[in-house]
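Residue numbers start from 1 in every chain, and the chains themselves are labelled A, B, ... in the order their sequence lines are given, proteins ahead of strands. Scope of the values below: all heavy atoms of this structure, side chains included, with no hydrogens, waters or symmetry mates.
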Number of protein chains: 2
Amino acid sequence: MIWGAGQRLEFIEFRLFWEGAINRADLVEFFGISIPQASKDLALYQERAPGNMEYDKRSKRYVAAEQFVLRFLDPDPYVYLAQLRAVTEGAVPSHDSWIAELPRADVALTPKRDIDIGVLRKVLDAVREGASVEVFYQSMNKVRPDPIWRRITPHAFGYDGFRWHVRAYCHLEHRFKDFLLPRILEVGAKGEPGETGEQDWLWNNYFDVVIGPHPALTESQKKVVAKDYGLDHGNGVLSVRYAMLFYVLKRLGLLGDAAKQSAHTQHIVTINRKETEAALEKAELRL
Amino acid sequence: MIWGAGQRLEFIEFRLFWEGAINRADLVEFFGISIPQASKDLALYQERAPGNMEYDKRSKRYVAAEQFVLRFLDPDPYVYLAQLRAVTEGAVPSHDSWIAELPRADVALTPKRDIDIGVLRKVLDAVREGASVEVFYQSMNKVRPDPIWRRITPHAFGYDGFRWHVRAYCHLEHRFKDFLLPRILEVGAKGEPGETGEQDWLWNNYFDVVIGPHPALTESQKKVVAKDYGLDHGNGVLSVRYAMLFYVLKRLGLLGDAAKQSAHTQHIVTINRKETEAALEKAELRL
DNA sequence: AATTCACGTATATAAAATATACGCAAAAGA
DNA sequence: TCTTTTGCGTATATTTTATATACGTGAATT
């Protein structure tokens, strides 16, 4: 982490790099510093990174120069886009973001904000301490239509691209399972652990899914798909925890026979389909 | 934004709240301040938020008290989890995150990091200025197997849950389309805009997808699914831009006939299927 | 019993930021 | 065309914030 002035220099560079311009007022507003201090900061930036910006009297802003040499920032498109996404989804208030001019954006499907903060805190605590906790859990199980109390020993978190679950040893069923955080309605007393994360074979072991372009695509289309998915010689390998296999396949549209789907909507297929299905069964049945 | 000391108070509260403890050394390490200053900060925190922490001589750390009154932080599970996700995916270096003890976590499918930073910058610039740009774009179109230069007027960004695209007016095809950022290989000269975002009907208008629990589920399971998706009286409405409809449906597994899929993997179905398909066609064909 | 560690705190000093004031240049408005 | 407004720059005295250095405490560890 960096101290005040350094952070402001980084901020100046961020705005110049991603938004093309910065103002004295921008600094005053964002950091709550005085006007002279903002002037000093801008002067300091010019001294430290000469030639990166010039004052445009028309717009009354410093604009980024053509050739721009980064000095304080290591910018990353995915960091910028992650911020854009967080703000667009409402996860982060826009005044906390360094992005001033938010471009119009939309995210397909924003998760319902239904994780209880107290639940997450207590589960995190249990993971940290390696303890077990009682949870009042609503499962989808047919035999348990209503939520019940059960003891679990959580050890890791998983994100399926849409929702978060916790990976835990279930003291009721004597095996490791995933528990969706929004379905944990309450958390009760801590206690002695069951099995630890090291014993969770499905979590600790990986299966290699081999993927390739959909056979119905043309050669040139296959090339594009190969580039999209980073496939080297046509095929590519995805190393996935058994515990995450189902979610990965679902997300890639590979749960069924992908080749039977239209190549328009489904661009890739599984090459080692038999093995993948066996692995999936292994993961589902627990092993 | 907040100044140095305020940020450190917020940091103290963050660590106490999410990790249950904080140290003088934590402050020294993260902010690079001196030991006396860290002592002062902790003393100041105790003064401003009395009773929130107490010193545990065993672990030599301040630990969060049972009853914890937030004073400097407005914690949100999704903000915490977004951070966890960003670090787990490698989008953010872990020393930039306020989370010290990262719990074990995994994310199903991390996007390939193949967006060119210069491309994104220039596209952002064009969106900001309302200008058009030439892009060297690799499409999946059968008639255009190789990348070609085309002029577009971009106006918004879209995220389908996996990849980012830019929404733009295509000067070649005279209509609005999505352009995947990783497939923009180069960006050329800026120029006069084509049509603006206001003219993009598919972006500006919404279609209501009506969803409900999979019919093959039991009553109790349906209730769980209803809660999962925030459905009120069994069914729920998702208001989606036409331009994003395809991605939302794909993500929800609703592109085909969801009812034909196993209720085990597919929990919801589209109620207004006919209308949705018509809307999708409208969006695809452009209108 | 000795050592280690993390805490607290005091004092003098250094660095960072503010308040206040004034001047400049260009754009916008009368 | 003249005036006003706005945003930048900078100077000085002052306040706030943080550092360096030093010393003392108590509890856990060896």
Side-chain angles (χ1 to χ4, degrees), chain A residues 1-16 19-65 71-72 98 100-101 128-129, chain B residues 1-16 19-65 71-72 98 100-101 128-129:
Chain A
M1 194 56 183
I2 35 172
W3 77 111
Q7 202 176 7
R8 296 200 301 271
L9 290 176
E10 194 180 325
F11 177 83
I12 291 170
E13 196 153 80
F14 181 94
R15 283 280 171 95
L16 285 175
E19 317 212 327
I22 190 165
N23 226 345
R24 202 165 59 164
D26 290 340
L27 287 167
V28 170
E29 191 189 336
F30 194 84
F31 290 101
I33 57 175
S34 65
I35 288 179
Q37 187 57 41
S39 276
K40 277 185 214 165
D41 287 344
L42 288 166
L44 182 62
Y45 183 79
Q46 278 176 307
E47 186 191 317
R48 300 279 201 86
N52 268 11
M53 66 182 187
E54 45 202 31
Y55 191 63
D56 174 29
K57 294 167 207 155
R58 291 294 304 259
S59 62
K60 295 188 171 175
R61 302 168 66 75
Y62 287 92
V63 295
R71 282 238 43 197
F72 302 99
W98 280 16
E101 292 187 53
R128 203 164 34 236
E129 312 234 316
Chain B
M1 192 59 183
I2 33 170
W3 77 109
Q7 204 176 5
R8 297 200 301 271
L9 290 175
E10 195 179 324
F11 177 84
I12 292 170
E13 196 153 81
F14 181 95
R15 284 280 172 92
L16 285 174
E19 317 212 326
I22 190 165
N23 225 347
R24 203 165 59 166
D26 290 340
L27 287 168
V28 169
E29 190 188 338
F30 193 84
F31 290 101
I33 58 175
S34 65
I35 288 180
Q37 188 57 41
S39 274
K40 276 185 214 164
D41 286 344
L42 288 166
L44 182 61
Y45 183 79
Q46 278 177 306
E47 186 192 317
R48 299 278 202 87
N52 269 10
M53 65 182 189
E54 45 202 30
Y55 192 63
D56 174 28
K57 294 167 208 157
R58 291 294 303 261
S59 61
K60 295 187 172 178
R61 301 171 65 77
Y62 288 91
V63 296
R71 281 240 40 198
F72 302 99
W98 279 17
E101 293 186 52
R128 202 163 37 234
E129 312 234 318

May I ask you to test the A:I12-A:N52 pair for a side-chain heavy-atom distance under 4.5 Å?
-> no
Nearest-nucleotide check on DNA chain C, A:P36 vs A:K57; residue mapping nearer the 5' end is A:P36
By nearest-heavy-atom nucleotide on DNA chain D, the more 5' of A:L42 and A:K60 is A:K60
Pick base, sugar-phosphate or nothing for B:R61, based on heavy-atom distances below 4.0 Å to the nucleic acid.
-> nothing
Rounded to whole angstroms, how far apart are NZ on B:K40 and C1' on C:dG8?
-> 12 Å
Calculate the interatomic distance between B:Q46 atom CD and C:dC7 atom P; express it in whole Å.
-> 11 Å
Taking the side chain as every heavy atom from C-beta outward, state whether B:L9 and B:R71 have any pair of such atoms under 4.5 Å apart.
-> no
Any side-chain N or O of B:R8 under 4.0 Å from OP1/OP2 of D:dA18?
-> yes
Starting at atom CE of A:M53, determine the distance to atom C1' of D:dG7, rounded to an integer number of angstrom.
-> 14 Å
Report yes if a side-chain nitrogen or oxygen of A:R24 is closer than 4.0 Å to either non-bridging phosphate oxygen (OP1 or OP2) of D:dG7; otherwise report no.
-> no
Taking side chain as C-beta onward, heavy atoms only, is A:N23 less than 4.5 Å from A:K60?
-> no
Within this structure, what is the CG-to-P distance between A:D56 and D:dG7, rounded to whole angstrom?
-> 14 Å
From D:dG7, C:dC7, D:dG9, nucleotide with atom closest to A:S39 side chain | D:dG9
Using the side-chain contact (heavy atoms from CB on, under 4.5 Å) rule, pick out the option among A:Q46, A:R48, A:K40 that qualifies with A:L44.
-> A:R48
When rounded to whole Å, the CD1 to C1' distance for the pair A:I35 and C:dA21 reads 13 Å
A:L27 CG to C:dT18 C1': how many Å, rounded?
-> 16 Å
Quick one: A:E54 CD to D:dG9 P, roughly how many Å, whole number?
-> 14 Å
Residue A:I33, side-chain atoms from C-beta onward, closest of D:dT19, C:dC7, C:dT18 | C:dT18
How close or far is atom P of D:dT6 from atom CZ of A:R58, stated in whole angstroms?
-> 18 Å
Reckon A:S34 has a side-chain N or O less than 4.0 Å from the OP1 or OP2 of C:dA19?
-> no
Aromatic ring pairing B:F72/B:Y45, orientation class (parallel under 30°, perpendicular over 60°, tilted between) = tilted
